[in-house]
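For reference, the structure discussed in these notes is given below.
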Amino acid sequence: MSTSSNLLPISSMNISSIIQQNVIEAVQELYGAMVASDTVQITSTRKDFVGDYTVVTFPFTKVSGKKPEEIGAELGEYLVARVPHVASYNVVKGFLNLVIGDGFWLDFLQAIYENEDYGVAEPKGEKAMVEFSSPNTNKPLHLGHIRNILLGWSTYKILEASGYEVIRVQIVNDRGIAICKSMLAWQKYAGGATPESAGVKSDHFVGKFYVLFEQKFQEEYKAWQLSEGAAVYASKHKAGQDEAGFFKDFKNTYFNEYSALGKEAKAMLLRWEAGDGATLELWRQMNSWVYAGFNDTYNSLGVAFDKLYFESETYLLGKDTVDQGLESGVFFRKPDGSVWIDLEDAGLDQKVVLRSDGTAVYMTQDIGTAQLRYRDFGVKRMIYVVADEQNYHFQVLFEIMKRLGEPYAAGLHHLSYGMVDLPSGKMKSREGTVVDADDLIEEVIGEARKDSSERDTLAGVPAAEQEEIIQKIALAALKFHIIKVHPKKRMTFDPKESVDLQGQTGPYIQNAYVRIRSVVRKAEQLGSLAAAADYAQTEPAEKELLTQLYAFPDVIETAAREYDPSHVASFCYNLAKSYHRFYHDHSILGAADEAARDFRLMLSIATSNVLRKGMDLLGIDMPDRM
RNA sequence: GGCUCCGUAGCUUAAUGGAUAGAGCAUCUGACUACGGAUCAGAAGGUUAGAGGUUCGAGUCCUCUCGGAGUCACCA
C-alpha cells in the first residue's frame, strides 16, 4: 500500500524539464538569445557514454557563433553550478552528457518504491470513449478481433492512467442480411437443435449456420450456372471475360435478383424490419446465443465494456441531422432525391449520406451514433479502434462532423490497425484459414501447460492455482506477442511464435516479476529498509534500472498521446531485461553490506511495481510464482 | 488509374530529426555447489527496397522509381 505522506510530487520535479528550463536560461545569459523549448533536446544518455541525460548543442551554434564543443563546455559549467542535481558533465562532439547525483536517485527511489500507482497521472477531469471489438453477430470472434480487442483494452487502460475517465463501448452489428442468413439456415436445416443439444459453444453454433447458408447458396448458384445462368452469361458478359470471372463478379447480383435462398433471406430481413413477432423472436434467440459465446471469450481475455450500442437501435439515427444539414447547406440533394456532401476541397470525394429512397447508409448511422454518444456521456474524445480498411470512411466521417460544427469533432480519432496475416498468407473465411479466437486461446494454454509440467516449479501449488497461473502465462504470451507490434503495421502472426515463452515475450517479463516476488518473500523477515539511505555507490546496472523507472510516467504519456500501446510493451521488456541482467550480476540478499542490500531490495520492489502496472496497461496479469 | 499506408539481419521486429541502427527467434560458443536457468554472457548476421534532395546531422522530412497492402458501393 502506498503512504501518500512521504511521496515527493514526482511530476513537479521532472529532472529533464528542469534541465531544459536551465538550458534556456543559460543560452539567454551566455549568448543573449531566446530559444524555444522544443529546440532544447534532452535525451537519456546512450549506454556507451558516461552520464544520465544528454543535451544536444548543435541547435545553438547559430545563436552563439561558437563550436558545438565549446557550447557544451559552457552549458555544462553553467548547469553544474546552477542545478543542484547535476553532479558533473562531459562533452563528446555536439553532445553534453550530464551526470545526475546519487542523492537524487535515492530520493526518487525512496519516494516511489511503495507506491503501486507510480506512473499514473492526476485526473484531468476529462472523459474519453474507446470503441473496440464491435463484432457482427453471425460468426464467432477470430484473430483479427483479438488484435482489435487488445488494442482497445490497452488504449483504455493507458488513457485512464494518463488521467482520463474512460468509457469502454462496443457497437454490436446485430441486424442486417448476414444475421438473417444464419437465422434462415437454422430454421431450414437445424431441426430445432440448440447449442446445448449439439454440445457446441453457442456463438460457434450460430456461426455454423452462417457457413451452412453460404454452402447451400453456393450449391444453388453452381446449379444455376449450368442451367439458366449460361444464357445470362452469354448476354451480359463483357468482352474478354471468361465464365469463371463473370460468375465471380455476378454473385451479388445473383443473390439479389435470381437466388431462391437470397429471396428468402431478404424476405426475412423485411419481416424483421416490419417487426414481425416470430422473426423477432428467432432473431433474439440467435443473438442471445452469440452474446453468451462472446462473453465467454471476453472473460477469458479479461476484458469488459461499460456500454453496448446495438445497430438494431442506432441504424435509423442521423437522418434528422441530415435534414438539418440540408438546410444549413452542409449537404445537398441530387435530382434523384439522394443527399450528398461534397468534400473535394478537403481532398476527398463526394459522398452519399442518404439514399434516393430516403433510407440511411452506414455513414448516416455513424453520424447519429457519435451524436448519441456525446449526449449519453459528454465525451469530447472518441477513439474508434477499427481496421485500416476503413481509413477512408473515418476520414470522411470526421470531416463531416467538423462541418456540422459538432463540439467534439476535433477529439475524434481512428485508431487504425493493420490486418493480421498468417505465415501462409491472408486469412480467408472461404478457405477456412481463419484462426478462431477460442481455439487460439485454448492452444496457447495447452502449450503453457505442457511447458509448465516439464518444470517442477509449481510442485507444491494446489491444482486450481496452478491452472490459474498457467492461464496467466499463456495469455501473457499471446497478448504480448500481438501488442508489441506497432498498431499501424500489418502483422504476420505465427501461432508457433505466439506460444513462445522465452526471449522477447510476456512470460520473460513475468519471470522478472516472479524472481522479485521470490526474493521479497525470503527477505520479509529481515525488517525495514532504512539502511538504503546510506547507499552511496550505485552500480551501472542499478543506475540503468533507476533511469528506466524514472521514465515510466513519460512512457505512459507518450503512449496515450500517440494511441500506441506498443510503447508500453517495449518499455516493459527493456525494464525486465535490465532487471534480469542486474539480478544475474549482483546478489541482493547476499550484498556486501546492509545499505547495499536494502537499496537493492527497494530497487527490486519498485521494479516489480512498475512491471506489474505496465503489464496491467496491456491487459496482462502477473503471477506471484510460475 | 487517383488517394492512403507499409518496405529495417534468414524470420519477427525497435528506434520524440541526433552519437557506432537496438532486440528476440533460428545458428554457433560459454555460465548453475547461486536470491528461481522461462535467466545471463559472447560470436555471426545490415548499402534501413533504389536514386536524388533539405539539414551541422536522415531509417525518420521532401521528390521520383520499384515492390506489397488497403480503398475509391445509394454494403457494413
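Lettering of chains follows the sequences in order, A, B, ..., and the numbering in each one begins at 1.
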Exercise. What integer number of Å spans the C1' atoms of B/rA69 and B/rA26?
Worked result: 28 Å
For this session: Tell me which of A/N391 and A/K484 sits closer to the 5' end of RNA chain B, going by the nucleotide each one is nearest to.
Result: A/N391
For this session: Give one of base, sugar-phosphate or nothing for A/Y573, where a contact means two heavy atoms less than 4.0 Å apart.
Result: sugar-phosphate
Exercise. Within 45° of the six-membered ring axis of A/F255 and under 6.0 Å from that ring's centre, is NZ or CZ of A/K181 located there?
Worked result: yes
Problem set entry | Gap in Å between the two C1' atoms, one belonging to B/rA58 and one to B/rU8, rounded | 14 Å
Exercise. Do the ring planes of A/F398 and A/Y384 sit parallel (below 30°), tilted (30 to 60°) or perpendicular (above 60°)?
Worked result: tilted
For this session: Looking at every strand, decide which applies to A/Q510 at a 4.0 Å heavy-atom threshold: base, sugar-phosphate, or nothing.
Result: nothing
Problem set entry | Reported OH-to-CG distance for the pair A/Y53 and A/L96, which is rounded to 0.5 angstrom | 14.5 Å
Exercise. What integer number of Å spans the P atoms of B/rC11 and B/rU33?
Worked result: 39 Å
Exercise. Base, sugar-phosphate alone, or nothing: which one does A/V361 contact when heavy atoms must sit under 4.0 Å apart?
Worked result: sugar-phosphate
For this session: For A/R46, answer base if it contacts any base atom (sugar-phosphate contacts may also be present), sugar-phosphate if it contacts only those atoms, and nothing otherwise; contact means non-hydrogen atoms under 4.0 Å.
Result: base
Exercise. What integer number of Å spans the P atoms of B/rG24 and B/rU60?
Worked result: 25 Å
Problem set entry | Distance, P atom - from B/rC66 to B/rC28, rounded to whole angstrom | 42 Å
For this session: Could you tell me whether A/E311 contacts a base, only the sugar-phosphate backbone, or nothing, with contacts defined as non-hydrogen atoms closer than 4.0 Å?
Result: sugar-phosphate
Exercise. How is A/H393 classified with respect to the nucleic acid when contacts are heavy atoms under 4.0 Å: base, sugar-phosphate, or nothing?
Worked result: nothing
For this session: Report the residue from A/N511, A/V444, A/D451 that forms a side-chain contact (heavy atoms from CB on, under 4.5 Å) with A/L501.
Result: A/D451
Exercise. So what does A/P59 hit on the nucleic acid, given a heavy-atom distance under 4.0 Å: a base, only sugar-phosphate, or nothing?
Worked result: base
Problem set entry | Ring centres under 6.0 angstrom apart (A/Y508, A/Y573) | yes
Problem set entry | Check: A/K472 main-chain N/O paired with A/Q510 side-chain donor or acceptor under 3.5 Å | yes
Exercise. What nucleic acid atoms does A/N138 come within less than 4.0 Å of, heavy atoms only: base, sugar-phosphate, or nothing?
Worked result: nothing
Exercise. When we call it a touch if two heavy atoms are under 4.0 Å apart, what does A/S416 touch: a base, just sugar-phosphate, or nothing?
Worked result: nothing
Exercise. Contact boundaries of RNA chain B with chain A (under 4.0 Å, heavy atoms), 5' to 3'?
Worked result: B/rC5 to B/rA76
Exercise. How does RNA chain B read in dot-bracket, base by base from 5' to 3', with Watson-Crick or G-U pairs under 3.5 Å and | used when the partner is on another strand?
Worked result: (((((((..((((....[...)))).(((((.......))))).....(((((..]....))))))))))))....
For this session: For A/Y508, report the nucleic acid contact type (base, sugar-phosphate, nothing); a contact means any heavy atom under 4.0 Å.
Result: sugar-phosphate
For this session: Name the residue closer to the 5' end of RNA chain B, choosing between A/V519 and A/K577 according to the nucleotide with the nearest heavy atom.
Result: A/K577
Exercise. When the ring planes of A/Y583 and A/Y579 are compared, do they come out parallel, tilted or perpendicular, using 30° and 60° as the limits?
Worked result: tilted
Exercise. When all nucleic acid strands are considered with a 4.0 Å heavy-atom cut-off, which category describes A/I473: base, sugar-phosphate, or nothing?
Worked result: base
Exercise. Contact class for A/T492 (heavy atom, under 4.0 Å): base, sugar-phosphate, or nothing?
Worked result: sugar-phosphate
Exercise. Is A/V353 touching bases, backbone alone, or none of the nucleic acid, heavy atoms closer than 4.0 Å?
Worked result: nothing
For this session: For nucleotides B/rA76 and B/rG18, find the distance between their C1' atoms and express it as a whole number of Å.
Result: 46 Å
Exercise. Reckon A/T558 touches a base, only the sugar-phosphate, or nothing at all at heavy-atom distances under 4.0 Å?
Worked result: nothing
For this session: For B/rU4 versus B/rU65, give the span between their P atoms, rounded off to a whole number of Å.
Result: 14 Å
Exercise. For A/W340, is the NZ or CZ atom of A/K334 found under 6.0 angstrom from the centre of its six-membered ring and inside 45 degrees of the ring axis?
Worked result: yes
Exercise. When the P atoms of B/rA49 and B/rG10 are considered, how many whole Å apart are they?
Worked result: 13 Å
Exercise. According to the interplanar angle, ranging from 0 to 90°, do the rings of A/W283 and A/W272 count as parallel (below 30°), tilted (30 to 60°) or perpendicular (above 60°)?
Worked result: perpendicular
Problem set entry | A/S604 side chain vs A/R600 backbone, donor-acceptor pair below 3.5 Å | yes
For this session: Have a look at A/R147 and tell me which of A/I482, A/I483, A/V385 forms a side-chain contact (heavy atoms from CB on, under 4.5 Å) with it.
Result: A/I482
